[in-house]
S.K.: 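One structure, pasted below without further comment.
A note on names: the letters A, B, ... follow the listed sequences, proteins ahead of strands, and every chain is numbered from 1. Model, not experiment: these values are computed from the prediction. Just so you know, these numbers use all the heavy atoms, side chains as well, and skip hydrogens, waters and symmetry mates.
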Amino acid sequence: MSKRGALDSFFKPTAPKKPKYESSTEKTHHASYPFSVPYLPSPFVEELGMCPAVADGTSIVDDPKYPDLDVVIHRPYIPSSISGGIFEFLRQELFFYRVVYQITRGGINATVNTPRYTTVFGVDETSRFSNGRLLDSKTNRPIEASRYKCVPRPLPACLETLKQIVEATTGETFNFCLVNYYADGKDSISYHSDDERFLGDNPAIASLSLGAKRDFYMKHKPIAPSANAPAQPEPKVLQLSLGPGDMVLMRGTTQKNWLHSIPKRAGAANAVGVGRINITFRKALVKAGTENYYQYNVGKGEVFKWGEKEGKMMPWSEGVAGTEAGAEHLDAAA
DNA sequence: ACGGATAAACGCT
DNA sequence: TAGCGTTTATCCG
């Protein structure tokens with residue numbers, strides 16, 4: 001029991017707030033986290049047990065209209081009864097970053113402001129977490145201190161839960177979880193491939209969408225004109241609209257041959273406050289993957305946390321009150 | 001892999 | 001449906 005006296009109790013404004021979702025009191029703590037992260041509420045976990053199998057998704061593979069593409073699309077994957085609640089939960093409970101970094105383009109330095117909020121958890125295959133400590137995957141001994149310049153973070157239990165569900169569905173295994181928050185239609189990611197060497201040759205990447213619906217475009221990489229077959233027409237763009245609970249599994253030769261993007265969008269449907277969370281699971285094979293992901297998804301910048309009152313991501317710092325302000329409608333089963 | 005410039009496409013009246 | 005403001009796609013530094 002608390003040591004609170006009568007006076008304190010008297011001045012305490014009101015009875016305890018009603019929780020927005022039945023949150024467990026259990027949280028994942030780790031020295032690398034700015035604050036601890038609650039477990040996924042158990043009603044969500046139970047419902048997630050009934051997610052579809054890969055076979056239930058729509059496959060696009062060996063399709064002459066989309067050469068070299070290999071994707072499976074589930075619309076939705078997470079049932080609509082809980083996708084809204086899981087979105088609210090993650091937006092509220094995770095910490096995010098707005099990474100700024102320097103690149104050299106055309107010989108000159110440029111500053112890039114990542115146009116979305118990001119956060120990342122995981123470590124490549126050369127290491128694994130055991131009770132929050134990093135061990136060498138082969139020897140099971142603690143890793144040497146010099147192994148990483150960054151500080152790898154274990155997945156919090158709530159994301160570990162989602163990872164396990166997605167692994168069971170896809171038959172893949174993952175060791176990284178990247179989370180993006182697109183606050184509105186101005187947040188985006190331009191065309192790119194997840195074709196880094198550290199993911200291996202034909203990486204499988206599972207991508208979960210939560211919250212606002214956004215366009216997701218995929219287009220074939222430019223086909224190099226060769227001597228005997230000049231100027232091929234590019235295959236047409238595959239335009240998907242990803243809504244809450246949808247999942248896209250990209251695998252095989254997809255990353256080698258295709259680009260994907262979440263383009264900027266104007267209009268009321270993408271107004272401020274209409275946020276989307278994207279969670280991708282992937283497997284980094286070597287150290288370079290760990291360094292890369294922490295550099296570009298955590299960086300050195302300030303921490304952001306969802307401000308319920310403000311309705312947007314707010315700078316967070318240790319000991320600053322106000323981040324507990326509660327929403328009411330979180331078990332919004334719709 | 002960003003964002004400003006620009007041209008093309010869209011969509012409302 | 002021409003006209004025009006808005007949105008989108010592409011180029012490029």
Side-chain angles (χ1 to χ4, degrees), chain A residues 65-66 68-69 71 96-120 122 150 176-200 203 205 207 209 212-225 230-243 248 250 253-282 284 288-302 304 312-313:
Chain A
K65 272 160 55 191
Y66 304 107
D68 316 311
L69 191 66
V71 298
F96 288 91
Y97 302 85
R98 195 94 183 181
V99 175
V100 176
Y101 58 97
Q102 302 293 128
I103 57 167
T104 305
R105 299 186 290 219
I108 49 172
N109 279 6
T111 299
V112 174
N113 298 291
T114 304
R116 74 201 95 91
Y117 294 88
T118 59
T119 197
V120 65
C150 62
F176 259 97
C177 178
L178 278 63
V179 184
N180 294 295
Y181 179 66
Y182 300 85
D184 56 53
K186 295 192 294 300
D187 277 354
S188 64
I189 188 162
S190 49
Y191 274 116
H192 70 286
S193 301
D194 296 305
D195 58 354
E196 294 92 349
R197 297 276 302 277
F198 55 71
L199 294 176
I205 298 175
S207 171
S209 289
K213 181 177 286 191
R214 288 289 295 263
D215 288 338
F216 178 69
Y217 288 180
M218 301 191 76
K219 71 173 181 187
H220 201 284
K221 291 183 186 178
I223 299 168
Q232 301 281 330
E234 305 298 336
K236 71 170 184 180
V237 175
L238 175 63
Q239 302 187 326
L240 301 175
S241 177
L242 299 180
V248 178
M250 298 181 278
T253 56
T254 299
Q255 301 303 334
K256 197 177 304 215
N257 295 286
W258 288 72
L259 303 163
H260 54 276
S261 79
I262 299 282
K264 292 186 195 310
R265 282 292 175 260
N270 300 294
V272 173
V274 184
R276 169 178 183 264
I277 284 178
N278 173 61
I279 303 170
T280 62
F281 296 107
R282 44 187 85 200
T290 299
E291 301 291 4
N292 178 288
Y293 283 147
Y294 285 94
Q295 177 179 353
Y296 291 111
N297 297 280
V298 174
K300 300 165 171 43
E302 68 184 326
F304 288 85
K312 60 176 183 178
M313 291 291 166

S.K.: Among all residues two or more places apart in sequence or in another chain, which pass the side-chain hydrogen bond (donor to acceptor under 3.5 Å, both in side chains) test with A:Arg276?
M.R.: A:Ser209
S.K.: To the nearest angstrom, how far is A:Arg116 atom CZ from B:dC2 atom C1'?
M.R.: 10 Å
S.K.: Over how many whole Å does the gap from A:Asn109 atom CG to B:dC2 atom C1' extend?
M.R.: 14 Å
S.K.: For nucleotides 7-13 of chain B, read 5' to 3', which letter fits each nucleotide if B means a protein heavy atom sits under 4.0 Å from the base, S means only the sugar-phosphate is that close, and - means neither?
M.R.: -------
S.K.: Taking side-chain hydrogen bond (donor to acceptor under 3.5 Å, both in side chains) as the definition, give me every residue that meets it alongside A:Asn257, ordered by chain and number, with sequence neighbours left out.
M.R.: none
S.K.: With sequence neighbours left out, write down each residue that passes ring-ring contact (aromatic ring centres under 6.0 Å, His included) with A:Tyr296, or none if nothing qualifies.
M.R.: A:Tyr101
S.K.: Who pairs with A:Tyr97 by side-chain hydrogen bond (donor to acceptor under 3.5 Å, both in side chains), at least two apart in sequence or on another chain?
M.R.: A:Arg153
S.K.: Parallel under 30°, tilted from 30 to 60°, perpendicular over 60°: which one fits the rings of A:Phe216 and A:His260?
M.R.: tilted
S.K.: To the nearest Å, give me how far apart OH (A:Tyr293) and C1' (B:dA1) are.
M.R.: 14 Å
S.K.: Can you list everything that forms a side-chain hydrogen bond (donor to acceptor under 3.5 Å, both in side chains) with A:Asp187? Sequence neighbours excluded, please.
M.R.: A:Arg98
S.K.: With sequence neighbours left out, write down each residue that passes salt bridge (charged side-chain N to carboxylate O under 4.0 Å, His left out) with A:Arg282, or none if nothing qualifies.
M.R.: A:Asp194
S.K.: Restricting to pairs with a member in residues 108-120 of chain A, which pass salt bridge (Lys or Arg N to Asp or Glu O under 4.0 Å), not counting sequence neighbours?
M.R.: none
S.K.: Summarise how protein sits on nucleotides 6-13 of chain C as a single string, 5' to 3': B when a protein heavy atom is under 4.0 Å from the base, S for sugar-phosphate-only contact, - for no contact.
M.R.: -SSS---B
S.K.: Rounded to 10°, tell me the angle between the two end axes of the helix from B:dC2-C:dG13 to B:dT13-C:dA2, each built from five pairs.
M.R.: 20°
S.K.: Just grab all the salt bridge (Lys or Arg N to Asp or Glu O under 4.0 Å) pairs involving residues 289-302 of chain A, residues at least two apart or on different chains.
M.R.: none
S.K.: Provide, to the nearest angstrom, the distance between the CD1 atom belonging to A:Ile103 and the P atom belonging to B:dA1.
M.R.: 10 Å
S.K.: Identify, with sequence neighbours excluded, every residue that meets side-chain contact (heavy atoms from CB on, under 4.5 Å) alongside A:Thr290.
M.R.: A:Val123, A:Asp124, A:Tyr148, A:Cys150, A:Pro152, A:Phe176, A:Tyr294
